[in-house]
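Working notes, structure below.
Throughout, protein chains are lettered first and strands after them, A, B, ... in sequence-line order, and every chain is numbered starting at 1. These numbers come from the heavy atoms of this one structure, side chains and all, not from hydrogens, waters or symmetry mates. None of these values were measured; they are calculated from a predicted model.
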Protein chains: 2
Amino acid sequence: MGRVSDAKVRLMDAVLELLWTGSYGSTTIDHICERAGVKKGSFYYFFNSKADVAVAALDTSFQARRVELDAMFSPSVPPTERIRKYCEFGYLLQVEMKAKFGYVLGCPLFTLGAEVCTQEQAVGAKIQEILEYKARYFETAIRDGHAAGAFHAPDAAAKARVVRAYIEGLLTQARIQNDLEILREMPEGVFAMLGARSVNAVTV
Amino acid sequence: MGRVSDAKVRLMDAVLELLWTGSYGSTTIDHICERAGVKKGSFYYFFNSKADVAVAALDTSFQARRVELDAMFSPSVPPTERIRKYCEFGYLLQVEMKAKFGYVLGCPLFTLGAEVCTQEQAVGAKIQEILEYKARYFETAIRDGHAAGAFHAPDAAAKARVVRAYIEGLLTQARIQNDLEILREMPEGVFAMLGARSVNAVTV
DNA sequence: CGAGTAGTTGACTGTTTAGTCTAATATGAT
DNA sequence: ATCATATTAGACTAAACAGTCAACTACTCG
């Protein structure tokens, strides 16, 4: 029924790119429309505000990301391997983004979350929700690793928090310094925190 | 000679507060003027732009902070104590800010740096400069601690990077979640990374 | 005290931005 | 084919915003 269109998807793609390469503040509805090749009238047909399109885009994007994470953190994969793959995949993504945009972009959720959490309640809440989901992958991997004797992490939840703080912090540093190199220390840093048995064997 | 005024200082104080509680994007020159009780004409008498006042304010603020850091990280203080004090002081500051503004604000440099680094070259560069200074305090403390046998950190510079990524990451998480509690794990996390001898003895 | 200087004021311009509305257009279902 | 409806176009308003300017004020030093 009625006319069909992929304008909604294009708008969500556009806002994600603008948020990631720039910031929430530097992303205007006009820019989003321009990037998506959509007129403002259409924008307001699909969304109510910048916050609205941001939340929708973050949600949709994470649903897709989830499939990858489920594969990467599958219980069928050894815990050490899960985390190694995550670091490697993340690194390659940053390399790709730097090649594409000229900047190391870091974690969009973290950067954006820090920017808007005191101002845009809805966006902040969505980001918190997604970050919590992500944390669970780590918690499970760490718990499994501890059980298997690969890590020393009696309190898996606490260790997961430490590891995530480190990873997000490092990604953000990489963004601020626009430097890919510091990301190469990530696996080493993470496995040291986890008291991994053979750190050398897993260095990228 | 001529008329005297503290308007410049008031403008710098105002911009810092707005940047910290909100974001670069949400901070407008009109808001800065309003908060400082200064008219726009005066703003442009002292500064050329938002980026200009931000850089000046960050610089001035760090010069003051430096005195505190010099005391805290004095070579006369045992390395473990330097870091413990840093964590404690930082925590109390966050408590104060949460009481004052209703939000955990995290590290203004880090949040701001991540927001603007791809857009405002001058601000990004100033933030990088200050963060580098801060990193040196840690590096020295860690090197001293290793020499004294309190830490295991043969590569002090690398350890300092790990520790700072963790600290900044944790502070930013606290901001995103508006949660003071997770900050209480900081000393424990840091000293674990440093392979400190007596973790319990230094927990806050 | 008066002259030069540092700082202030507020009204002004032009631009960017969010958000609205109406008429037009394309498409699927019948 | 045509009808209901999903989508689009683009011009419009109002507000927020950055930045300018010339006249005014208060201070200090000689």
Rounded to the nearest 0.5 Å, what's the gap from CH2 on B:W20 to CZ on B:F101? Could you check? 8.0 Å
Over all atoms of both residues, closest heavy-atom pair of A:F43 and A:V38: N-CG1, 4.1 Å
Ring of A:Y103, cation from A:K98 - is the NZ or CZ under 6.0 Å from the centre and inside 45° of the axis? no
Let me know the distance between OH of A:Y44 and C1' of D:dT13, rounded to the nearest Å. 13 Å
Nucleotide C:dT9, atom C1' - distance to CZ of B:F46 in whole Å: 13 Å
I'd like to know if B:K126 and B:E129 make a salt bridge, using a cut-off of under 4.0 Å between side-chain N and carboxylate O. yes
What N/O pairs connect the protein and nucleotides 21-25 of chain D at under 3.5 Å? Give each pair on its own line.
{"unit_1": "D:dT25", "atom_1": "O2", "unit_2": "B:R3", "atom_2": "NH1", "d": "2.7"}

Between atom OH in B:Y45 and atom C1' in D:dA26, what is the gap in whole Å? 13 Å
Can you list the residues that meet the salt bridge (Lys or Arg N to Asp or Glu O under 4.0 Å) rule with B:R175, with sequence neighbours excluded? none
Pair A:E88 + A:R84: basic N to acidic O under 4.0 Å: yes
Whole-Å gap separating C1' (C:dA26) and CG (A:D6): 14 Å
Measure from the side-chain heavy atoms of B:A7 and tell me the nearest of C:dT8, C:dG28, C:dG10. C:dT8
What's the CZ-P distance between A:R10 and D:dT7, to the nearest Å? 12 Å
Charged tip of A:R136 within 45° of A:Y133 ring normal and under 6.0 Å: yes
How far apart are the closest heavy atoms of B:F110 and A:G169, and which atoms are they? CZ-O, 3.4 Å
Given atom CG of A:L11 and atom P of D:dT7, what is their separation to the nearest angstrom? 12 Å
Would you kindly give the CZ-to-C1' distance between B:F47 and D:dG19, to the nearest whole Å? 16 Å
Enumerate the residues from residues 17-32 of chain B whose closest heavy atom to DNA chain C is under 4.0 Å, giving them by residue number; use none for an empty result. none
Salt bridge (Lys or Arg N to Asp or Glu O under 4.0 Å) partners of residues 157-171 of chain B, not counting sequence neighbours, each pair once: A:E185-B:R161, B:R164-B:E168
Can you tell me which residue pairs pass the salt bridge (Lys or Arg N to Asp or Glu O under 4.0 Å) test with a partner in residues 32-48 of chain B, sequence neighbours excluded? B:E17-B:R35, B:D30-B:K40
Could you go over nucleotides 13-15 of chain C and give all protein N or O partners under 3.5 Å, atom names and distances?
none

With a non-hydrogen cut-off below 4.0 angstrom, is B:F43 in contact with a base, only sugar-phosphate, or nothing? nothing
